[in-house]
Number of protein chains: 2
Amino acid sequence: MQKASNGPRAGSRSDDQTGDRRGGRTVNRQVLADHVYEELLASLMDGRLEPGAAVSIDGTARELDVSPTPVREALARLEHTGMVRRVALKGYRVAPVFTREDFAELMEARLAIEPVNARLACSRLTPERLAELEEAVADLKSAPRGPSFADYKDYLEADERFHQLIAKQTGNQFMVAAYAALGGQVQRFRLFGGVGITDAENAIAEHQSVLDALSTGDPEKAEAAMADHVQKVRARAIADAPAD
Amino acid sequence: MQKASNGPRAGSRSDDQTGDRRGGRTVNRQVLADHVYEELLASLMDGRLEPGAAVSIDGTARELDVSPTPVREALARLEHTGMVRRVALKGYRVAPVFTREDFAELMEARLAIEPVNARLACSRLTPERLAELEEAVADLKSAPRGPSFADYKDYLEADERFHQLIAKQTGNQFMVAAYAALGGQVQRFRLFGGVGITDAENAIAEHQSVLDALSTGDPEKAEAAMADHVQKVRARAIADAPAD
DNA sequence: CATGCTCAAATCCTATAGGGATGCATCTGC
DNA sequence: GCAGATGCATCCCTATAGGATTTGAGCATG
């Protein structure tokens with residue numbers, strides 16, 4: 001909306017993050033489509049884009065002041081994550097809200113994958129990664145948990161980060177990919193699943209339990225702690241869920 | 001290569017599969033990017049595109065006689081499957097061959113996911129799906145298994161179909177997504193993992209065992225049979241693997 | 001011979017143009 | 001007043017143009 005069509009700036013992209021230099025050599029070249037992808041992902045992950053909302057290609061392009069081409073590319077990647085759906089010739093839409101059944105399926109899948117991740121992560125845990133996990137739990141404890149949306153965004157972000165770190169700690173690229181296929185949905189559920197932040201105290205305790213189990217180095221314990229956590233999340237969500 | 005640049009046909013796409021009509025109303029509208037995606041996926045799945053090969057955007061566009069735009073979109077989707085990798089400003093490349101470690105990780109992930117799929121599928125098995133599974137196993141048995149590449153393509157296709165059907169039979173969209181995150185890699189490993197078709201007899205017997213276990217309706221048996229199958233595949237592959 | 005430079009072709013990346021379809025507001029006829 | 005037709009705006013989709021970057025060959029130099 002700001003600076004809408006202020007003039008053609010074709011090809012003059014040497015001042016944004018493209019040619020980012022650090023220490024004298026280019027480190028992480030990035031193209032516009034990557035930027036758009038991250039922007040859209042952030043909007044989806046923190047709830048700015050609500051389920052069911054249309055994501056217009058041209059509209060997004062105008063908003064970000066780019067051409068539709070990189071937006072198409074970014075959305076094509078996002079489609080494969082399940083966070084947006086596409087209908088040919090009709091465009092993209094944020095995936096609809098979770099039904100009760102969707103939620104049950106998601107929890108079933110988490111229960112199949114996340115305890116295994118905890119077990120594998122435990123047997124390969126490095127001190128550095130353990131520190132990162134401790135930091136995530138600390139952030140979880142210290143994050144504000146007010147009633148408004150923005151108030152517990154940090155809490156949700158720390159929650160997602162904790163689980164994602166465990167997936168990465170497995171050192172298994174395919175388990176990371178499998179969790180990633182769920183991760184976005186998990187986060188979306190946290191935002192729009194109906195269950196609020198009321199279970200924070202319990203959830204924090206369970207995360208601490210998982211972390212403790214990982215610290216002991218006993219893979220079986222870690223697996224059990226994670227399974228326990230996921231099951232309790234499911235139980236609380238069912239209890240809190242609205243009538244429909 | 002054939003019919004290279006025979007002339008501009010801009011906007012005349014009312015004769016290909018776009019406006020496909022059946023019974024009077026349009027049923028499944030398809031855009032060019034979908035066609036390109038399927039074309040590339042087929043090339044990857046049956047080995048026409050070998051690991052490490054460059055996949056040029058412009059080149060593919062010329063070959064399929066379309067513009068680069070839909071090719072970009074198709075490749076963006078494929079990137080998220082892990083079958084092609086992208087480097088900014090350098091283009092796409094078919095994912096490299098499996099190392100021993102990659103193979104171990106893939107089998108670890110399959111062992112975490114596929115037995116669960118078998119268990120879930122078993123408890124929700126419908127006669128129609130069971131028939132499809134039986135057909136896949138029958139195709140597995142009847143498929144030619146010659147020494148040349150094209151000779152056992154059908155065999156590999158039936159193998160992939162069997163596992164994918166079980167994933168779908170879970171009725172859990174997230175388990176399907178998780179398997180899909182692996183599925184492409186599994187197929188690629190079958191093609192280029194070094195292990196040939198020597199284990200066909202054993203593998204067929206194991207697939208039959210999985211099918212039998214599913215037929216009994218005992219989820220525990222199905223899970224065990226699938227775990228046994230994956231573990232034996234791993235064992236055979238390790239035994240057959242070349243020195244490096 | 002090995003190494004560095006120059007240049008040209010190929011390729012990637014983004015913007016723009018325009019065809020076709022859809023949706024919505026407006027208008028007309030009953 | 002209301003149903004259907006019409007026009008306009010919006011959007012998706014593909015092609016094309018052109019700038020920016022990479023790459024590899026050819027050539028010069030130590």
We want to know whether [X] and [Y] form a side-chain donor-acceptor pair, criterion being a heavy-atom distance below 3.5 angstrom.
X        : Y        : value
B/Gln187 : B/Asp159 : no
A/His35  : A/Gln30  : no
A/Asn117 : A/Gln169 : no

Looking at the side chain of [X], which of [options] is the nearest nucleotide?
X       : options                : result
A/Ile57 : D/dC13, D/dT21, C/dA15 : D/dC13
A/Pro68 : C/dT16, C/dT14, D/dC13 : C/dT16
B/Lys90 : D/dT23, D/dA15, C/dC12 : D/dT23
A/Arg86 : D/dC13, D/dT14, C/dA15 : D/dC13
B/Pro70 : D/dT14, C/dT14, C/dA15 : D/dT14

Could you give the [atom1]-to-[atom2] distance, from [X] to [N], as a whole number of Å?
X       : N      : atom1 : atom2 : answer
A/Tyr37 : C/dC13 : OH    : P     : 16 Å
B/Arg93 : D/dT23 : CZ    : C1'   : 12 Å
B/Leu89 : C/dC13 : CG    : P     : 5 Å
B/Asp58 : D/dG18 : CG    : P     : 16 Å
A/Gln30 : C/dT14 : CD    : P     : 10 Å
B/Glu73 : D/dT14 : CD    : P     : 7 Å
A/Leu32 : C/dC12 : CG    : P     : 17 Å
B/Asp34 : D/dC12 : CG    : C1'   : 13 Å

Would one find a side-chain N or O of [X] under 4.0 angstrom from OP1 or OP2 of [N]?
X       : N      : result
B/Thr69 : D/dT14 : no
B/Arg62 : C/dA10 : no
B/Arg72 : C/dC12 : no
B/Ser67 : D/dT14 : no

**Item:** A/Arg234 with A/Glu114: basic N within carboxylate O range, under 4.0 Å
**Value:**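 Salt bridge absent between A/Arg234 and A/Glu114.
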### Query
Should the pair A/Arg77-A/Asp34 be classified as a salt bridge under the 4.0 Å nitrogen-to-oxygen rule?
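Looking at A/Arg77 and A/Asp34, the cut-off is met.
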